[in-house]
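Predicted model only: the values in this text are computed from it and were never measured.
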There are 2 protein chains.
Amino acid sequence: MRQNIDERTGSPTRQPSFVESHVQNLRVAAHVTVLHEGDPARRIMEVVEGAVMLTKLLPDGRRQVVELLGPGDVFGLAHDEAYACSAETLTPATITTHERNALERDPALAARLLRRFEAQLCVMHSHALVLGRMSALERVAFFLLRLMPDGMVGGTLRLAMTRQEIADFLGLTLETVSRAFSELKRRGLVVLQRADEVRIQDRSSMRRLAGAA
Amino acid sequence: MRQNIDERTGSPTRQPSFVESHVQNLRVAAHVTVLHEGDPARRIMEVVEGAVMLTKLLPDGRRQVVELLGPGDVFGLAHDEAYACSAETLTPATITTHERNALERDPALAARLLRRFEAQLCVMHSHALVLGRMSALERVAFFLLRLMPDGMVGGTLRLAMTRQEIADFLGLTLETVSRAFSELKRRGLVVLQRADEVRIQDRSSMRRLAGAA
DNA sequence: CGTGTATTTGAAGTATGTCAAATATCGTGG
DNA sequence: CCACGATATTTGACATACTTCAAATACACG
């Protein structure tokens, strides 16, 4: 069952030792909404471990997963004092949170966030290219390569996302994502042990499809 | 005619006084490519005046305009030591450039960039929602509202972009963009004196279309 | 082992893309 | 200042990739 989390207390997870500090660590289960688009932006957060997705909604309920985050990535960004996105864990996760004004007081934190923002901005630029100009098959190929760094060649990737979540990330429907997986299987580019266990079989063809990744 | 610019000398524009400094100001004409995706990322840049677009290309030539920049915005970001995007002026522009290592030496610069990166990251999140989940008509409405801040109500907006550039920004074709403009005219939401002069007639309907902007 | 959820697959509809032609606009030189 | 050629925009007709709706299968959990 999906659940929310109270930002101040961190319930229902175990609490770290120094509750009233401006640094706070959270241990969160999978499928927990850590913060909500539109809420007053009190804190800025870093993923220490696990995976988090940022989502935005349109008034009629259409959803976009705007960013996928892993260890080191930063979220809880504000536009007009309010969180610009909701954040939900995909896996159990450890998260560090800081008061927003800690940015002025802590130069090491500021420097780290600066580097990370640059990296995340570059990823968003790539994602704009994916969303604006790639076909469904290309998008799914790009998505799988992005989740499967060059290091883990031959390994099997465990997807922590449903077809619906992948679709919302890639700007498609869940049916189109499913068909794209089937097409990649048919062409021999990937093998699926189960719906959420992918192995990339032909990396160079995947690369070509994804237009360099 | 579109032209390139040599990053080091700033030709063919007038040169500022302190050429070998790590800060350098450039005056650039419209339609000049200030830097190229893939080139070694030596400098980081701020728009002082004018408008700049960042673009990415796929191997087969498909293009995405990933970001539109105005005064204060930062570009020249690096992924693996190389520029992640090309940057081209839309209007005559003034640009300040810094050596990349100035980030460590100049805390004021770092603090400014941090704030700006946060803002630009939020804009990219919105843009992902636009590209992933909005219809053509909604995208164009969103685009026009974004260019027409609430302040200048009733004013006429001079578009500095062709239909092709708008299409590449919104993930559409130029024909679809043109049809969307025509549809907005037909519905009485906008008035076009000329193809590149837009006045928003019915702001609330535009807002509704764009799903709050 | 059964029940509910996620995924796959099929058939049909639609928004947007593609190709093509007409019209409008801009810049240039006579 | 006007006329011309070049470029940008609009509009139309048709094609198609993706969506929508629906049903069958696979999978996970109690």
Side-chain angles (χ1 to χ4, degrees), chain A residues 1-2 29-31 58 60-64 90-91 130-144 157-187 190-198 209, chain B residues 1-3 29-31 58 60-65 90-91 130-144 157-187 190-198 209:
Chain A
M1 209 266 291
R2 314 253 150 165
H31 313 299
L58 286 170
D60 65 358
R62 281 174 285 177
R63 181 176 78 157
Q64 178 69 29
L90 289 167
T91 64
V130 171
L131 293 175
R133 288 295 177 232
M134 284 189 182
S135 72
L137 200 65
E138 291 167 338
R139 291 183 207 203
V140 172
F142 186 94
F143 170 75
L144 291 176
L157 173 71
R158 181 54 141 294
L159 294 176
M161 301 169 75
T162 65
R163 296 288 184 266
Q164 180 63 65
E165 287 163 344
I166 297 170
D168 285 346
F169 180 59
L170 297 178
L172 302 167
T173 61
L174 71 102
E175 294 93 333
T176 300
V177 170
S178 177
R179 280 185 247 268
F181 271 103
S182 300
E183 177 66 19
L184 291 175
K185 268 190 293 183
R186 187 145 12 87
R187 295 194 190 179
V190 304
V191 177
L192 273 77
Q193 275 85 354
R194 303 172 348 187
D196 65 343
E197 278 188 13
V198 190
L209 254 183
Chain B
M1 211 266 290
R2 315 252 149 166
Q3 54 181 344
H31 312 301
L58 285 171
D60 66 358
R62 282 174 285 176
R63 182 177 78 157
Q64 179 69 29
V65 174
L90 289 168
T91 65
V130 171
L131 292 175
R133 287 297 178 230
M134 284 189 181
S135 72
L137 199 65
E138 291 168 337
R139 292 182 205 201
V140 172
F142 185 95
F143 170 75
L144 291 175
L157 172 70
R158 182 54 141 292
L159 295 176
M161 300 169 77
T162 65
R163 295 288 184 267
Q164 180 64 61
E165 287 164 343
I166 297 169
D168 285 346
F169 180 59
L170 297 177
L172 302 168
T173 60
L174 71 105
E175 293 93 335
T176 300
V177 171
S178 178
R179 281 185 247 268
F181 271 103
S182 300
E183 177 66 20
L184 291 176
K185 269 191 291 184
R186 189 145 8 89
R187 296 193 191 179
V190 304
V191 177
L192 274 75
Q193 276 85 353
R194 304 170 349 182
D196 65 343
E197 278 188 13
V198 189
L209 254 184

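The closest donor-acceptor contact from the side chain of A/Arg133 to the backbone of B/Leu172 lies under 3.5 Å. The closest donor-acceptor contact from the side chain of B/Arg139 to the backbone of B/Met134 lies under 3.5 Å. When atom types are taken as modelled, the side chain of B/Glu138 and the backbone of B/Ser135 share a donor-acceptor pair closer than 3.5 angstrom. Judged purely by atom type and a 3.5 angstrom limit, B/Gln64 uses its side chain to pair as donor or acceptor with the backbone of B/Asp168.
Distance A/Leu131 CG to D/dA17 C1': 16 Å, rounded to the nearest Å. Spacing between atom CZ of A/Arg163 and atom P of C/dA6 amounts to 12 Å, rounded to whole angstrom units. To the nearest angstrom, P of D/dT10 lies 10 Å from CG of B/Leu159. Here C/dT7 presents its P atom at 16 Å from CG of A/Leu184, a figure rounded to the nearest Å. Rounded to whole Å, the distance from CZ on A/Arg62 to P on D/dT19 is 13 Å. One can place CD of B/Glu197 at 15 Å from C1' of D/dT9, the figure rounded to the nearest angstrom. Atom CE in B/Met161 sits roughly 14 Å away from atom P in D/dA8 (whole-Å rounding). Following rounding to the nearest Å, A/Arg133 (CZ) and C/dG17 (C1') show an atom-to-atom distance of 10 Å.
Put simply, B/Thr176 has a side-chain N or O that comes within less than 4.0 Å of OP1 or OP2 on C/dG17. At C/dT9, one or more side-chain N or O atoms of A/Ser182 fall inside 4.0 Å of OP1 or OP2 (strictly under the cut-off).
At least one side-chain heavy atom of A/Glu183 sits less than 4.5 Å from a side-chain heavy atom of A/Arg187.
From B/Leu157, atom CG reaches atom CD of B/Gln193 across 10.5 Å, with rounding to the nearest 0.5 Å. If you take CZ on B/Arg179 and CZ on B/Arg163, they are separated by 13.0 Å, rounding to the nearest 0.5 Å.
Position along DNA chain C of the nearest nucleotide to A/Ser178 versus B/Leu137 favours A/Ser178 as the more 5'-ward residue.
Looking at heavy-atom distances under 4.0 Å, A/Leu174 makes contact with a base.
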Next item on the list: Indicate for each nucleotide in nucleotides 21-30 of chain D, in 5' to 3' sequence, whether protein heavy atoms under 4.0 Å reach the base (B), only the sugar-phosphate (S), or nothing (-).
Entry: B------S--
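Residue B/Leu172 places its side chain closer to C/dT16 than to any other of C/dT7, C/dT18, C/dT16.
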